[in-house]
Amino acid sequence: MPLLPVLEGLHSAEAFNAAFLSAFLDRVRQIEKRPLELRDALRGSIIATVFEEPSTRTRLSFESAAHRLGAGVITVADPKTSSRTKGETLRDSARIIGGYADLIVWRHPRDGASRLVSQAAGVPVVNGGDGRLGHPTQTLVDLYTLYREWGGFQGRTVGLMGDLMHGRTARSLAWGLTMLGARVVALPAPGLDWETSFETRILERAEYRAGMVSHPVLRSWTGSEEARVLEPKGMLQGTLFQEGTPVLERFDALYLTRLQDERGAEADRGVYPGLRGWQLDDPLLADCLFLHPLPRRGELPEEVDDDPRARYFLQARNGPVVRQAVFLAMLRADAWSLPPLTSLPAGNPEHELGACPNANCVTHEEAIKPPWRVVGRRQRLFLCAYCDSQLGVEYAGCRSSRRVHPLHSQAALRIRPENLRPFRERDEALREGYVWWGS
Ligand code: NCD
């Protein structure tokens, strides 16, 4: 399969940047004010929705958005009714459906499925949620809900709570919030935190740093009074010389999420963080908006529904208008263009690093070798270009000088990204004619 130089479409919240997001949120506002003017904006276009995992809000709000713009909609709402049950590969299905539609929204249980689909479809693909990896349009919905309240994100503190390890909505939102300058407090359920390398990538890209904050209420959520906060680098100055961990003063929003048990998540001894009646009166939450991508479980009891701080039903209502803006940006760029996304490279399939270590990566189901991409300025991370998992690389070769260095050496950092060649073992590099240049 040829790899496209750039993956087309909207696959990952990592592709968001401040210019894109600011213009996008503003655009949604304009569309919301003029609902009838766009009735025919996509007349003659066909949008396909392919949902290989259950969905209520995401699929129906995409379809509602398409209808509101005058587009036709074709759909696979139940994968049992498609040829995928006959063993058709994801790539073949994508190629076929790409011939019937001008844009495809695809939801799939495997990490990285959206990027793979986009390479075969031949039309723009929008990720409707892929495994535990990402759900970028949910992030746009979440950000829009907050933007309508706040007008901006700088100086706002948002807690992301629950199953951060498997929860694609919280992971994607972490990218979005940090690109816009908000502080993010990670409130993982015990044992269900995201990986360090994920956070490292966010910190570097957003020019943030990680610190700690404390508050007694946090213990009832995560089992500890202390939590990690990701904040813009300048922001910690005031607290640098303070003794001990600074006390968290307030949350502007809390983003609750459910346990992703369909992805193998288990609550540690049944403990899972959520809102409790007694917490609602705590000054920490006095002006805090409550969001949830839904569906909810016990973490968000119905008694919160009538609280003036609840925003999760409004959030769900914002789904169609946000997705209208996504369709317009992709299919009517002539009239509705936005600043470009930060493109993710398709990756380089040249390596002997073996299979992707992530058992849920789409490369396993499709029996393909994981192409690598590299991120990081101070420390290089080699990632699977589909699912972003870290590949086991110990040595970095330079294709121009033909020298090979230990990965964590200064010399390796100096190799230009386009000249990099990753190795798991030194001997492999020597066999390929590289010269050892370590100490
Ligand atoms: C989420 C999803 O599918 O990731 N739902 C949604 O799209 N609103 C969250 C979830 O299922 O927990």
Side-chain angles (χ1 to χ4, degrees), residues 10-14 49-66 75-79 105-114 117 125-146 158-177 187-189 192 194 198 253-267 272-275 289-301 305 310-324 326 360 362 387-388:
L10 177 51
H11 312 292
S12 167
E14 189 173 345
T49 55
V50 182
F51 275 65
E52 304 198 45
E53 269 192 340
S55 168
T56 305
R57 274 153 294 273
T58 306
R59 184 171 66 82
L60 293 183
S61 70
F62 267 117
E63 294 184 2
S64 165
T75 189
V76 178
D78 178 358
V105 182
W106 208 300
R107 171 172 284 192
H108 194 275
R110 292 279 187 167
D111 305 344
S114 176
V117 161
V125 172
V126 176
N127 186 357
D130 60 342
R132 54 173 212 152
L133 193 61
H135 197 347
T137 66
Q138 179 65 45
T139 295
L140 296 173
V141 171
D142 303 336
L143 292 176
Y144 184 63
T145 306
L146 294 172
V158 182
L160 299 184
M161 188 193 286
D163 183 357
L164 305 186
M165 182 185 277
H166 307 93
R168 58 196 177 195
T169 58
R171 280 172 178 269
S172 288
L173 187 55
W175 284 107
L177 288 168
L187 301 168
L192 295 174
W194 53 45
F198 172 73
L254 257 192
Y255 191 81
L256 296 118
T257 61
R258 73 176 169 93
L259 181 73
Q260 302 283 309
D261 38 11
E262 74 271 42
R263 307 192 201 290
E266 278 176 37
Y272 193 78
L275 266 186
L289 303 175
F290 302 128
L291 277 79
H292 193 303
L294 304 175
R296 63 173 151 182
R297 304 255 179 90
E299 70 278 352
L300 184 52
D305 294 0
R311 289 294 181 280
Y312 34 94
F313 291 122
L314 176 67
Q315 195 184 344
R317 279 185 78 93
N318 286 335
V321 69
V322 167
R323 290 171 170 128
Q324 274 180 278
V326 170
N360 196 47
V362 69
C387 78
D388 300 339

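The shown structure was predicted, so the numbers you read here are calculated from the model rather than taken from an experiment. Start at 1 and go down the list; that is how both ligands and their atoms are numbered.
- Within 4.0 Å of ligand 1, the residues that place a heavy atom are R57, T58, R107, H135, Q138, R168, T169, R258, Q260, P293, L294, P295, listed by chain and number.
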Apply side-chain contact (heavy atoms from CB on, under 4.5 Å) to the pair R263 and D163, showing each step before the final yes or no. CA-CA 11 Å; R263 307 192 201 290; D163 183 357; over 6 Å; no

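- By the side-chain hydrogen bond (donor to acceptor under 3.5 Å, both in side chains) test, S114 pairs with H11, sequence neighbours left out.
- The side chain to side chain contact (heavy atoms under 4.5 Å, CB included) test applied to T75 returns T49, R59, E63, A77, not counting sequence neighbours.
- In this structure W106 satisfies the side-chain hydrogen bond (donor to acceptor under 3.5 Å, both in side chains) test together with E52, sequence neighbours excluded.
- The residue from Q315, R297, E299, R258 that alone fulfils the side-chain hydrogen bond (donor to acceptor under 3.5 Å, both in side chains) condition with H292 is E299.
- A side-chain donor-acceptor contact under 3.5 Å links Y312 and D305.
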